[in-house]
Amino acid sequence: MSTQARIPSLDLSGPVEALWPELLGAVEKVLRSAHYILGPEVAAFEEEVARFLGTRHAVSCNSGTDALVLALRAVGVGPGDEVITTPFTFFATPEAVSNVGARPVFVDIDPDTFNLDPRLVDAAVTSRTRAIIPVHLFGRPCDMAGVLGAAARHGLRVVEDCAQAFGARYHGKPVGTLGHAGCFSFFPTKNLSGFGDGGLLATDDEGLAQTARMLRVHGSRRKYHNEAVGCNSRLDELQAALLRVKLPRVAAWNEARVRAARNYQGLLGGDGLLVPPEISDGHVFNQYTVRMRSRSLDRDRVRARLGDEGIDTMVYYPVPCHRLKVYGQSHAEVICPEAELAASEVLSLPLWPGMDAEVQAQVASTLHRILREG
Ligand SMILES: *Cc1c(COP(=O)(O)O)cnc(C)c1O
């Protein structure tokens, strides 16, 4: 057993230490303002995110999950509708679809990108299909030309799940601005990470933004004059104030993630037993996810051995959504072999902005050795 400290899969302490006085100042300002819900910090944060993304509207809310629910409701998805999405995502994506009363319809992924394969959309469209949710998984933009093309052919709404991709770009354009709405999460592990839950919906559509704003405060535009059954889903003033401190740094942090990914690429690229992720344009590496090349390599065993050596890794995601217990019966007929294979082969290695190159080298050399032990 090594005496060195464990290597975590994610180290959130860097920005907290570096920005401590500013973060503390932001907290003090809010505490003294006695304005805690939908006040000036939320308004300023929404304006700053809209500017960062280049969208006309940004509507913050309680979580990325709620952003998806609000977006789906605002684009008119409801009971009886179908929404096409990927099975290789966090459960929140199809859960939002189910929570608005619609049915998630899973199409398989492109094994090279882990993202929804738009070539499979046409065959999945029925008379009930209303929308597509592409997910920019691990921070890698989905093939949006393909998604938008399919949406245009069938008259579908496009709600982007950008929870893992704040600041990612598709052909130079920020993700979340390509479809009708883009949904972001500020959960602590995301690229723009808060100190608790938080989310946001971005859109250029005025009506859609207004509907989302109305729904997040119990379906009211005017207090006590409720016009729809909405929810209570607001970003706190405290979170907004803290996120405002971090927002101006997120582009640099994303660049640091890409640098760390390039470094891994150099260390792991030559290892024939695994496939490192492609450093594609606009990718922001929320996760650095490799896959085992050989089916004879037991990913879970490799992961356990790394753990024994003090290296924490993650598996996003061990079970594709259509195979989760919750959808087991309703989606028993779904066939997505690429998603199932990916779920059994992926391993996300430690990565965070500013990660030490020596620590990365240690991860890589340990992984090389474990793979060769068989
Ligand atoms: C994190 C995440 C969500 C949900 O965001 P929360 O803020 O945790 O609700 C949705 N989709 C994906 C792909 C995610 O990674």
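Start at 1 and go down the list; that is how both ligands and their atoms are numbered. Owing to the predicted nature of the structure, the values given are computational and were not obtained by experimental measurement.
Proximity of the aromatic rings of F52 and F166 is defined here by a centroid distance below 6.0 angstrom, and this criterion is met. F186 and F45 have their aromatic ring centers within a separation under 6.0 angstrom.
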Distances for all N or O pairs of ligand 1 and the protein under 3.5 Å?
{"residue": "ligand 1", "atom": "5 (O)", "partner": "S185", "partner atom": "OG", "Å": "3.4"}
{"residue": "ligand 1", "atom": "7 (O)", "partner": "G64", "partner atom": "N", "Å": "2.7"}
{"residue": "ligand 1", "atom": "7 (O)", "partner": "S185", "partner atom": "OG", "Å": "2.6"}
{"residue": "ligand 1", "atom": "9 (O)", "partner": "G64", "partner atom": "N", "Å": "3.3"}
{"residue": "ligand 1", "atom": "9 (O)", "partner": "T65", "partner atom": "N", "Å": "2.9"}
{"residue": "ligand 1", "atom": "9 (O)", "partner": "T65", "partner atom": "OG1", "Å": "2.4"}
{"residue": "ligand 1", "atom": "11 (N)", "partner": "D161", "partner atom": "OD1", "Å": "3.3"}
{"residue": "ligand 1", "atom": "11 (N)", "partner": "D161", "partner atom": "OD2", "Å": "2.8"}
{"residue": "ligand 1", "atom": "15 (O)", "partner": "Q164", "partner atom": "NE2", "Å": "2.8"}
{"residue": "ligand 1", "atom": "15 (O)", "partner": "K190", "partner atom": "NZ", "Å": "2.7"}

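A salt bridge links E227 to R221: one of the charged nitrogens lies within less than 4.0 Å of a carboxylate oxygen.
If you run salt bridge (Lys or Arg N to Asp or Glu O under 4.0 Å) between E22 and each of R244, R249, K29, only R249 comes through.
The number of heavy-atom neighbours closer than 6.0 Å to CZ of R119, taken from other residues, nucleotides and ligands shown, is 12 or below. Within 6.0 Å of atom CZ in R153, more than 12 heavy atoms from other residues, nucleotides or ligands are found, so the atom counts as buried in its surroundings.
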